[in-house]
Structures are given as structure tokens and as C-alpha cells.
Amino acid sequence: MLNAQERAHVAQVWDLIAGHEAHFGAELLLRLFTVYPSTKIYFKHLGACPDEVHLLSHGQRVLEAVGVAVQYVDNLRAALSPLADLHAHVLRVDPANFPDEFTVEMQAAWDKFLTGVAIVLTEKYR
């Protein structure tokens, strides 16, 4: 999936996030609720304030799962299987909440595009 350099970049970015999972996770959830308001149905107990305790707690759990993914990047299926089971079989999260208008291929294209933008904006500093 990722070559050695890409894995190193992912790990480097994760090192910046590690230790701040609660706040980054709360921000991530608030952005999710803003962009996809229908997802809030699964999080009725979470407030809309970035410092709300339940939001911080759930945000931390979300990003801790991302940390597991970073740690086991070469075996994501096994590492995230318990979490996938929880969402599919226990919580019964409706797959419709994973928007069709933003496919994996679209995300990959945007990642490449934004990488190009970042390169152009920073190349004159070299």
C-alpha cells in the first residue's frame, strides 16, 4: 500500500499528533458534523463545543484507532478488524453515512493534487 518513504512520512506526521489525540479528534468530529450533519445522529450525546468532555473522549478514541493503523500500516485489515466489527455488527453504522460523492479514488486524486499544490507553494523557499 505505502512504500517505505510514505510510511516514514505517515509516522512523522503521527509523531506530531501523538499526545494530542483528544483535541485533534474533537476537531475532526466537529468538522465531520459540519460537513455531513446526518452523521450527528450517531453522536447525539456529544456536544458542539471543542472542549466538551464527551467530544474530547470520543475524539481521543477515534485518533487512537488511527494510531493503531499507523502502527500496523502493513496489516490494516487485521489491526482494524475489531473496530470494523464494532461499527458493522454492534453499532450498525449505516454505510450510507460514508458519502458516495467522496470515493476512495477521489480522495487519492485530491491527495495527489494537494501534494502538487504544496510542492509549488514551497519550492521557492529552497
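Treat the numbers as computed from the prediction; the structure is a model and nothing was measured. Hydrogens, waters and symmetry mates are skipped; everything else that's a heavy atom, side chains included, is used.
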Check whether [X] and [Y] end up in the same hydrophobic cluster, where Ile, Leu, Val, Met, Phe, Trp and Tyr are linked by side-chain heavy atoms less than 4.5 Å apart.
X: Leu63; Y: Val73; value: yes
X: Leu121; Y: Leu114; value: yes
X: Leu28; Y: Ile41; value: yes
X: Tyr42; Y: Leu91; value: yes

Can you name the residues that form a side chain to side chain donor-acceptor pair (under 3.5 Å) with [X], not counting sequence neighbours?
X: Gln60; result: Glu64
X: Arg31; result: Glu27
X: Gln71; result: none

Legend entry - By ring-ring contact (aromatic ring centres under 6.0 Å, His included) - contacts of Trp14 (at least two apart):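 Per chain and number, Trp14 pairs via ring-ring contact (aromatic ring centres under 6.0 Å, His included) with no residue.
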List the residues meeting side-chain contact (heavy atoms from CB on, under 4.5 Å) with [X], not counting sequence neighbours, and say none if there are none.
X: Glu105; result: Thr103
X: Glu6; result: Leu2, Asn3
X: His58; result: Leu29, Phe43, Leu46, Arg61, Val62
X: His20; result: Phe24

Legend entry - Rounded distance (nearest 0.5 Å) linking atom CD1 of Ile17 with atom CD of Gln12: 11.5 Å
Inset, instruction - Check whether any side-chain heavy atom of Leu30 sits under 4.5 Å from a side-chain heavy atom of Pro50, and report yes or no. - result: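 A side-chain contact exists here, since the closest heavy-atom pair is under 4.5 Å.
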Legend entry - Selection residues 36-59 - residue pairs positive for salt bridge (charged side-chain N to carboxylate O under 4.0 Å, His left out), sequence neighbours left out: none
Side-chain polar contacts of residues 76-88 - donor-acceptor pairs under 3.5 angstrom, sequence neighbours left out - could you list them?
unit_1: His87; atom_1: ND1; unit_2: Leu83; atom_2: O; d: 2.9

Inset, instruction - Scan for ring pair (Phe, Tyr, Trp, His ring centres under 6.0 Å) pairs involving residues 63-84, sequence neighbours excluded, and state none if there are none. - result: none
Inset, instruction - Look at the side chain of Thr122 and the backbone N and O of Ala118, then say whether any donor-acceptor pair between them is shorter than 3.5 Å. - result: yes
Inset, instruction - Applying salt bridge (Lys or Arg N to Asp or Glu O under 4.0 Å), name anything that partners Arg7, two or more places apart in sequence or on another chain. - result: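 Asp74.
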